[in-house]
**Q** 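To start, I am sharing the structure in question, which I have written as structure tokens.
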Amino acid sequence: MTPRYLVRTFGCQMNEHDSERIAGLLESDGYVPAEDAGDAQVIVFNTCAIRENADNRLYGNLGHLRPLKEQNPRLRIVVAGCLAQKDQGRIQERAPWVDVVIGTHALPELLDLLRRAEDEGPQMDVREYTEVFPSALPARRDVAHHAWVSIAVGCDNRCTFCIVPLVRGPQLSRPMEDVLGEVRDLGGRGVVEVTLLGQNVNTYGRDLTVPGSGRRSLFAELLRRVDRVEGIRRVRFTSPHPHDFTPDVIDAMAECGSVCEHIHFPLQSGSDRVLKLMRRSYRRARYLEWLRMIREAVPGIAVSTDIIVGFPGETEEDFAGTLDVVREARFDSAYTFQYSPRTGTPAATMPHQIPGDTVQERFDRLVALQESISLEKNEEVVGDTVEILIEGKGRKGGVQGRTRTNKVVHVDGDHASGAFLDVRVVRAHPHHLTGEVAGPASSLHQTRCVREFVAAR
Ligand code: 5AD
Ligand code: SF4
């Protein structure tokens with residue numbers, strides 16, 4: 001009987017990228033996707049450690065699998081990702097029915113660990129450094145037209161709330177030729193959209209530049225070179241850090257026809273005092289100035305952000321500062337987080353931790369404000385004709401696609417995933433748009449190139 005596997009992914013795009021590799025490795029070994037847990041011989045939880053409730057959810061999920069494992073001792077349960085790296089031996093202490101704990105740097109070892117678990121019992125590999133980039137491993141993609149491409153792993157910053165540097169280690173950039181080689185290969189295989197991934201894409205390449213030549217970021221150069229890859233019509237990236245942002249990246253964004261008109265630009269807080277406590281070394285005025293320059297260079301660009309509410313010591317005045325910046329910046333969308341203390345990070349032991357009900361109350365106010373701005377921003381594009389890339393079935397029949405500005409659009413009818421359509425936006429909602437088909441294939445992309453060509457003259 002063909003063995004089956006199930007991968008459940010929690011957390012960020014980096015984990016989605018790694019999950020594609022986990023699935024790819026298993027498929028290279030003869031596994032096929034399972035319908036559900038009861039049907040699988042290998043179940044992988046690819047975990048996230050950013051917030052506290054992730055731990056509880058993992059142990060809850062593992063608890064649910066225990067009876068399944070008791071019924072079927074041949075079932076192999078794997079915990080991968082950031083919680084595996086962080087909790088290490090504690091996972092098998094708390095859930096001894098877990099067969100493999102595999103950290104973020106050890107993915108290439110997955111098949112070996114599974115084989116060894118067969119003969120020797122529970123296995124763990126939580127090495128400290130990446131030797132093989134997960135991107136170099138085979139991938140199994142859920143969508144044929146889009147791919148995540150990792151350009152760097154780890155992070156050299158030390159934001160005081162963040163567990164990432166502790167679990168993903170210092171930044172290690174992937175050589176540019178490797179990145180380009182992967183993107184060319186993807187373009188040749190029908191992928192039309194890539195998202196370049198790194199914890200801090202602006203510092204991409206600093207660790208690759210020759211010592212003595214200055215630790216230069218190569219991100220703008222990378223964007224320009226990815227832009228030229230045949231077949232790739234949309235290039236996205238996430239995330240840049242406002243502190244390391246540079247004008248050459250704005251120029252590259254403005255000049256490269258495939259680089260989409262969307263930027264994820266994490267604010268975290270609108271109070272300079274809190275930004276300092278967070279060890280985010282930009283300030284509110286600088287952040288807003290970058291935003292102004294980006295919008296001026298790339299007209300119509302959509303901006304999304306991350307905001308943390310209730311960081312230790314955040315006063316009502318600090319929070320009002322965040323609301324002010326949100327009003328001024330007018331983000332298209334925001335990921336809003338309630339501060340969650342992570343053991344091992346400096347903020348976890350800072351004085352003046354904020355009571356849960358205060359955090360919730362501020363959070364609700366922030367969400368309400370952002371929702372109204374998101375709706376207004378979406379209303380601004382009603383009546384426009386935009387290019388969408390179809391991603392799959394929509395919720396109420398029809399299909400769902402995405403604009404270059406990263407807005408989700410629902411359209412009636414049956415259209416193939418991976419196709420480009422021109423749609424007229426007819427209705428706005430806070431989190432999506434409704435569109436009507438305006439044309440079969442897009443000419444807008446070319447329009448943008450022509451516009452740039454004219455501008456260049
Ligand atoms: N508590 C709440 N939110 C956090 N984030 C990171 N660490 C924490 C934490 N301890 C948020 C940040 C980051 C996003 C990926 O998750 O906003 O940008
Ligand atoms: Fe965490 Fe800050 Fe690095 Fe982002 S830049 S991964 S928030 S330490």
Side-chain angles (χ1 to χ4, degrees), residues 9-18 47-57 81-83 85-86 104 130 150-173 195 197-204 206-207 217 219 237-245 263-271 274-282 287 303-314 319 322 325-326 329 331 333-350 353-354 356 358-360 362-363 366-367 370:
T9 311
F10 301 88
C12 66
Q13 288 102 339
M14 197 67 84
N15 270 13
E16 287 187 36
H17 166 273
D18 288 355
T47 60
C48 168
I50 285 271
R51 280 171 297 278
E52 201 173 15
N53 57 9
D55 305 30
N56 305 335
R57 265 168 76 191
C82 291
L83 264 183
Q85 191 75 30
K86 179 174 89 64
T104 48
T130 296
S150 138
I151 64 168
V153 293
C155 182
D156 291 336
N157 287 320
R158 287 284 178 273
C159 302
T160 52
F161 52 80
C162 186
I163 191 95
V164 167
L166 303 181
V167 292
R168 296 254 177 192
Q171 173 172 295
L172 182 65
S173 300
T195 307
L197 284 180
Q199 299 298 344
N200 180 1
V201 292
N202 298 122
T203 51
Y204 166 75
R206 269 194 195 168
D207 49 309
S217 162
F219 185 59
F237 57 87
T238 194
S239 300
H241 189 308
H243 166 60
D244 298 304
F245 212 76
I263 187 165
H264 185 69
F265 207 49
L267 168 68
Q268 311 300 2
S269 168
S271 149
V274 173
L275 285 171
K276 197 164 173 207
L277 289 171
M278 288 177 162
R279 216 182 282 147
R280 304 276 296 181
S281 42
Y282 53 91
Y287 179 94
V303 182
S304 56
T305 197
D306 289 341
I307 299 171
I308 298 178
V309 177
F311 186 82
E314 182 189 75
F319 178 65
T322 297
V325 175
V326 167
F331 300 112
S333 62
Y335 296 90
T336 43
F337 302 100
Q338 301 193 4
Y339 170 71
S340 162
R342 307 310 289 130
T343 309
T345 61
T349 50
M350 282 182 183
Q353 300 279 325
I354 311 294
T358 308
V359 179
Q360 183 69 49
R362 288 180 189 165
F363 180 81
L366 174 63
V367 170
Q370 181 54 48

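All ligand and atom numbering here is 1-based and tracks the order in the structure. Just the heavy atoms: all of them, side chains too, but no hydrogens, waters or symmetry mates, feed the values below.
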**Q** Any donor-acceptor pair under 3.5 Å linking the side chain of Ser269 with the backbone of Val274?
**A**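 No: the side chain of Ser269 does not pair with the backbone of Val274.
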**Q** Of all the non-hydrogen atoms in the protein, which one sits nearest to atom 17 (O) of ligand 1, and at what distance?
**A**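 The answer is Gln268 OE1, 2.7 Å.
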**Q** When you measure from the side chain of Gln370 to the backbone N and O of Phe331, does any donor-acceptor pair fall under 3.5 Å?
**A**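 Yes; judged by distance alone, with no hydrogens or angles, the pair exists.
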**Q** For the pair Tyr282 and His241, name the ring-plane relationship: parallel under 30°, tilted 30 to 60°, perpendicular over 60°.
**A**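 Perpendicular, since the angle between the ring planes exceeds 60°.
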**Q** Considering only the protein, which heavy-atom contact is closest to atom 3 (N) of ligand 1, and what is its distance?
**A**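 Looking at atom 3 (N) of ligand 1, the protein heavy atom closest to it is Phe337 CB, 3.4 Å.
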**Q** If you have a sec, work out which protein heavy atom is nearest atom 1 (N) of ligand 1 and how many Å separate them, to one decimal?
**A**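 Protein heavy atom at minimum distance: Ser340 N, 3.0 Å.
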**Q** Salt bridge or not between Arg206 and Asp156? Use side-chain N to carboxylate O under 4.0 Å.
**A**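 A salt bridge is absent here (no side-chain N lies under 4.0 Å from a carboxylate O).
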**Q** Tell me whether Arg280 is salt-bridged to Asp306, with the criterion being a basic N under 4.0 Å from an acidic carboxylate O.
**A**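 No salt bridge links Arg280 with Asp306.
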**Q** Identify the closest protein heavy atom to atom 4 (C) of ligand 1: which residue and atom is it, and at what distance?
**A**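 Nearest protein contact, heavy atoms only, for atom 4 (C) of ligand 1 is Ile308 CD1, 3.6 Å.
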**Q** Do Cys82 and Ile163 have side chains that approach each other closer than 4.5 Å (heavy atoms only, starting at C-beta)?
**A**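 The answer is no, as the side chains (C-beta and beyond) never meet within the 4.5 Å cut-off.
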**Q** Indicate yes or no: does an N/O atom of Phe161 lie under 3.5 Å from an N/O atom of ligand 1?
**A**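 Yes; at least one N/O pair falls below 3.5 Å.
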**Q** Between Phe245 and Phe265, does the ring centre distance come in under 6.0 Å?
**A**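 Judged by ring-centre distance (under 6.0 Å), Phe245 and Phe265 do meet the cut-off.
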**Q** Short N/O distance, under 3.5 Å, between Tyr339 and ligand 1?
**A**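 No; the residue has no nitrogen or oxygen that sits under 3.5 Å from a nitrogen or oxygen of the ligand.
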**Q** Among all protein heavy atoms, pick out the one at the shortest distance from atom 14 (C) of ligand 1; state its residue, atom name and that distance to 0.1 Å.
**A**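 Nearest neighbour among protein heavy atoms for atom 14 (C) of ligand 1, to 0.1 Å: Asp306 OD2, 3.5 Å.
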**Q** Let's test this: below 2.8 Å, count the protein N/O/S atoms around atom 2 (Fe) of ligand 2.
**A**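 Excluding waters, the total comes to 1.
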**Q** Any N/O of Arg342 closer than 3.5 Å to an N/O of ligand 1?
**A**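 Not met; the criterion fails.
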**Q** I'd like to know if the side chain of Arg342 reaches the main chain of Ala49, judged simply by a donor and an acceptor atom lying under 3.5 Å from each other, with no hydrogens or angles considered.
**A**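 Yes, the answer is positive, given that a donor and an acceptor are paired below the 3.5 Å cut-off.
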**Q** Please state which part of Arg51 comes within less than 4.0 Å of ligand 1, counting heavy atoms only: side chain, backbone, both or neither.
**A**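 For Arg51, the contact with ligand 1 is made by the side chain alone.
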**Q** What is the closest protein heavy atom to atom 2 (C) of ligand 1, and at what distance does it sit?
**A**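 Of every protein heavy atom, Gln338 O, 3.4 Å lies nearest to atom 2 (C) of ligand 1.
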**Q** Assess the residue pair Ser217 and Thr203 against the criterion (side chain to side chain contact (heavy atoms under 4.5 Å, CB included)); give the C-alpha distance rounded to whole Å, side-chain angles, the decisive distance to 0.1 Å, and a yes or no.
**A** CA-CA 5 Å; Ser217 162; Thr203 51; 5.6 Å; no
**Q** Does Val167 offer a backbone N or O that forms a donor-acceptor pair with the side chain of Thr104 under 3.5 Å?
**A**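 Between the backbone of Val167 and the side chain of Thr104 there is a qualifying donor-acceptor contact (under 3.5 Å).
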**Q** Taking Asn15's backbone N and O only, do any of them form a donor-acceptor pair with Thr9's side chain (distance below 3.5 Å, no angle check)?
**A**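 Checking the backbone N and O of Asn15 against the side chain of Thr9, no donor-acceptor pair under 3.5 Å is found.
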**Q** Considering non-hydrogen atoms of the protein only, which is the closest contact for atom 5 (N) of ligand 1, and what is the distance?
**A**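 Of the protein heavy atoms, Ile50 CG2, 3.7 Å lies nearest.
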